[in-house]
Protein chains: 2
Amino acid sequence: MKGNIKLDATDKKILEILQKNSNITNAQLAKEIGLSPAPTLERVNKLETTGVIKSYHAVIDPAAVGLGVSTFVMVSLKGHNKDNISKFISAIKSIDEVVECHHITGAGDFILKIVCADIAAYQQLMLEKVSNIEVVDSLQSMVILSTFKDSKSLALPNQQA
Amino acid sequence: MKGNIKLDATDKKILEILQKNSNITNAQLAKEIGLSPAPTLERVNKLETTGVIKSYHAVIDPAAVGLGVSTFVMVSLKGHNKDNISKFISAIKSIDEVVECHHITGAGDFILKIVCADIAAYQQLMLEKVSNIEVVDSLQSMVILSTFKDSKSLALPNQQA
DNA sequence: GTTTATTCCAAATAAAATTTGGTCAAAAAT
DNA sequence: ATTTTTGACCAAATTTTATTTGGAATAAAC
C-alpha cells in the first residue's frame, strides 16, 4: 500500500520545498509552484492524508542546548532470533538519547545514533543502559567529530510507477 | 558562542513540543505550556533568532515516493590530510542521495547515510559516484533492513550553564 | 526605595488559512 | 460524435490564526 501514489511534477515541487522549509506560507508555496492557494492547499492536504508527508518538525542546534556528543554505535546481539531482537528493540525505545535504531546487514546487527551532553554522560549511558541490555553482545562506538552534511531532504526519484 | 543561551523550563517545553510537531498552532502551543499566545510567540521567535531552533522541515515517507533503499557507508580515505578531506567533502556535498556525512573516530574516517530508489540505483551510485572520488580508499556498506526508531526529537539535558 | 529589565496578559489588528461556488478541459461513457 | 463525468483549477468570501500594541506585574539592579 505504499509507493503507488501518483505524484506529478507539481507534487514533487511541493515536497522539495516543504522538506527544505515547512514554515513557508501556503500563499508563498502557491507562488513558487505556480498555482493559486486553494489547489495548493488541496495538494498538501492530500499528501498528508495519503501518508506521503508523515510529519513536521523543528530542528534544534544540539550545541545550543548543551548536547555536545553524537555517536554511531554498532551493536551485535548474542543471538539473532526474533525474541532477542524484540527484547533489544523495546529496551532501546525507552532510551531517549538513542535517536535512531536500524537493523542492518554487514558487520553488526544494529546501528544506533546517540546524542547526549558530553563524554561523561555518554560513558554513563553506555555503561548503565546500553551495555546492560542482556541480549547485547558487543558494542563498537564511532564518535562524530564533525558533521559536513545533514540534509533533511530526500532526493525524489523519477517515478517508475 | 553556542550553549550559553539560558533556557528555562518553559523554553524546554516549547522545544520538546516543536521537535515532535512543528505544525501546532501558536494558540495550542500556548495552551500546552500554560502561557498566553503573545509571550509564547515571543519565546519561539527568540529561540529562532538565537539559533536554538535552526529550521523546520516536512518529513516524507521514503517508500511512498519510491525510495526503497537506505544505507550507511563507512568510508576510509587514502590520506587523512586536510586537503584530501576537503576534496572528499565537496564531492559528497554534490551527491543528492547522500543525506548525511559525518567525520568519525574508529574504524573508518567518515560515515555516510544514503537514500535511493532501489539496489540497482544504489549500485550505480556507488560505482559511478562514490567510488570514483579519487581520495576514497575503501567503502563498507551496511544496508538498512528496517528502522525501529527514528526520533526527530533530541532529549534536552538539564542545563549545566 | 527607586529605577530598569523582563515577562506576561488582553484586546485590537493584520495576515494567513480555508471554504465556497463556479469555470474549464480532459477523460469516460453513451 | 456527443454527452456526461471527473478532476483540477481560480477568485473571492469567510474563518481562523498570527502578530502587534499598550500596559500591568514582577524581579533584578542600583
Side-chain angles (χ1 to χ4, degrees), chain A residues 1-61 64-66 152 156 158-161, chain B residues 1-61 64-66 152 156 158-161:
Chain A
M1 70 281 233
K2 299 278 183 64
N4 48 1
I5 301 142
K6 291 144 213 136
L7 301 174
D8 64 14
T10 304
D11 290 323
K12 287 193 192 173
K13 271 193 217 166
I14 291 175
L15 292 175
E16 278 168 17
I17 293 168
L18 292 182
Q19 283 190 101
K20 278 216 267 291
N21 172 25
S22 65
N23 256 18
I24 189 174
T25 65
N26 186 60
Q28 181 62 28
L29 178 61
K31 191 185 287 182
E32 293 190 17
I33 66 172
L35 285 181
S36 74
T40 301
L41 189 65
E42 200 178 303
R43 280 171 180 266
V44 172
N45 285 337
K46 197 177 216 169
L47 290 168
E48 291 170 358
T49 58
T50 56
V52 176
I53 295 177
K54 289 202 294 183
S55 50
Y56 296 90
H57 306 272
V59 169
I60 68 177
D61 179 356
V65 297
K152 306 304 179 185
L156 304 180
N158 301 323
Q159 215 82 343
Q160 72 290 341
Chain B
M1 70 282 231
K2 299 275 184 65
N4 47 2
I5 300 142
K6 291 146 214 134
L7 301 172
D8 64 15
T10 303
D11 290 323
K12 286 192 193 173
K13 271 193 218 167
I14 292 174
L15 292 176
E16 277 169 18
I17 294 168
L18 292 182
Q19 283 189 102
K20 277 217 267 292
N21 172 25
S22 65
N23 256 19
I24 190 174
T25 65
N26 186 59
Q28 180 62 28
L29 178 61
K31 192 185 288 182
E32 293 191 15
I33 65 173
L35 284 182
S36 74
T40 301
L41 189 65
E42 200 179 305
R43 280 170 181 267
V44 172
N45 286 336
K46 196 178 216 170
L47 290 168
E48 291 170 356
T49 57
T50 57
V52 176
I53 295 176
K54 288 201 297 186
S55 49
Y56 297 91
H57 307 271
V59 170
I60 68 178
D61 179 357
V65 296
K152 306 302 179 187
L156 303 180
N158 302 323
Q159 215 82 347
Q160 70 294 342

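By convention in this document, chain letters (A, B, ...) are assigned in the order of the sequence lines, proteins followed by strands, and residues within each chain are numbered from 1. Please read all numbers here as calculations on a predicted model, not as lab measurements.
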Tell me which donor-acceptor pairs under 3.5 Å the side chains of residues 50-60 of chain B have, and how far apart each pair is, sequence neighbours excluded?
residue, atom, partner, partner atom, Å
T50(B), OG1, K46(B), O, 2.7
T50(B), OG1, L47(B), O, 3.4
S55(B), OG, H57(B), NE2, 2.7
Y56(B), OH, E48(B), OE2, 2.5
H57(B), ND1, Q19(A), O, 2.6
H57(B), ND1, K20(A), O, 3.3

Protein-nucleic acid N or O pairs under 3.5 Å, nucleotides 14-21 of chain D:
residue, atom, partner, partner atom, Å
dA18(D), OP1, N26(B), N, 2.7
dA18(D), OP2, N26(B), N, 3.0
dA18(D), OP2, A27(B), N, 3.2

Report task. May I have the distance from I14(B) (atom CD1) to dT7(C) (atom P), rounded to whole angstrom? Result -> 12 Å
Requested in this report: Give, for atom CD1 of I17(A) and atom NZ of K12(A), the distance between the pair rounded to the nearest 0.5 Å.
Outcome: 14.0 Å
Query raised in the report: Whole-Å distance between dA17(C) C1' and E48(A) CD?
Result: 12 Å
Query raised in the report: Are D8(B) and R43(B) ion-paired here, with the side-chain N under 4.0 Å from a carboxylate O?
Result: yes
**Report entry** Of the listed nucleotides dC10(D), dC9(C), dA8(D), the one nearest the side chain of S36(B)
**Finding:** dC9(C)
Query - d(CZ, R43(B); C1', dT6(C)) in whole Å - result: 10 Å
Query - Difference in axis direction between the ends of the helix from dT6(C)-dA25(D) to dT30(C)-dA1(D), five pairs, 10° - result: 40°
Report summary line: Judged by whether its glycosidic angle lies within 90° of 0, dA5(C) is syn
Query raised in the report: Between atom CG in L35(B) and atom P in dT26(D), what is the gap in whole Å?
Result: 15 Å
Requested in this report: Taking the side chain as every heavy atom from C-beta outward, state whether K6(A) and D11(A) have any atom pair closer than 4.5 Å.
Outcome: no
Report summary line: Separation of dT18(C) atom P from N23(B) atom CG, nearest Å, is 9 Å
Requested in this report: Starting from P on dA17(C), measure out to CD on E42(A) and report it in whole angstrom.
Outcome: 16 Å
Taking only nitrogen or oxygen atoms into account, show me every contact under 3.5 Å that the protein makes with nucleotides 22-25 of chain C, one pair per line with its distance.
none

**Report entry** Atom-pair distance (CG on L47(B); P on dT7(C)), nearest Å
**Finding:** 12 Å
Listed pairs under 3.5 Å, donor-acceptor, residues 34-42 of chain B side chains, sequence neighbours left out:
residue, atom, partner, partner atom, Å
T40(B), OG1, S36(B), O, 2.7

Query - With sequence neighbours excluded, residues passing side chain to side chain contact (heavy atoms under 4.5 Å, CB included) with E16(B) - result: L156(B)
Requested in this report: Round to the nearest Å and state the distance from D8(B) atom CG to dT7(C) atom P.
Outcome: 8 Å
**Report entry** Side-chain donor/acceptor of T49(B) to backbone N/O of N45(B), under 3.5 Å
**Finding:** yes
Report task. Specify the closest pair of heavy atoms between N21(B) and N23(B), including all atoms of both residues, with the distance to one decimal. Result -> OD1-N, 2.9 Å
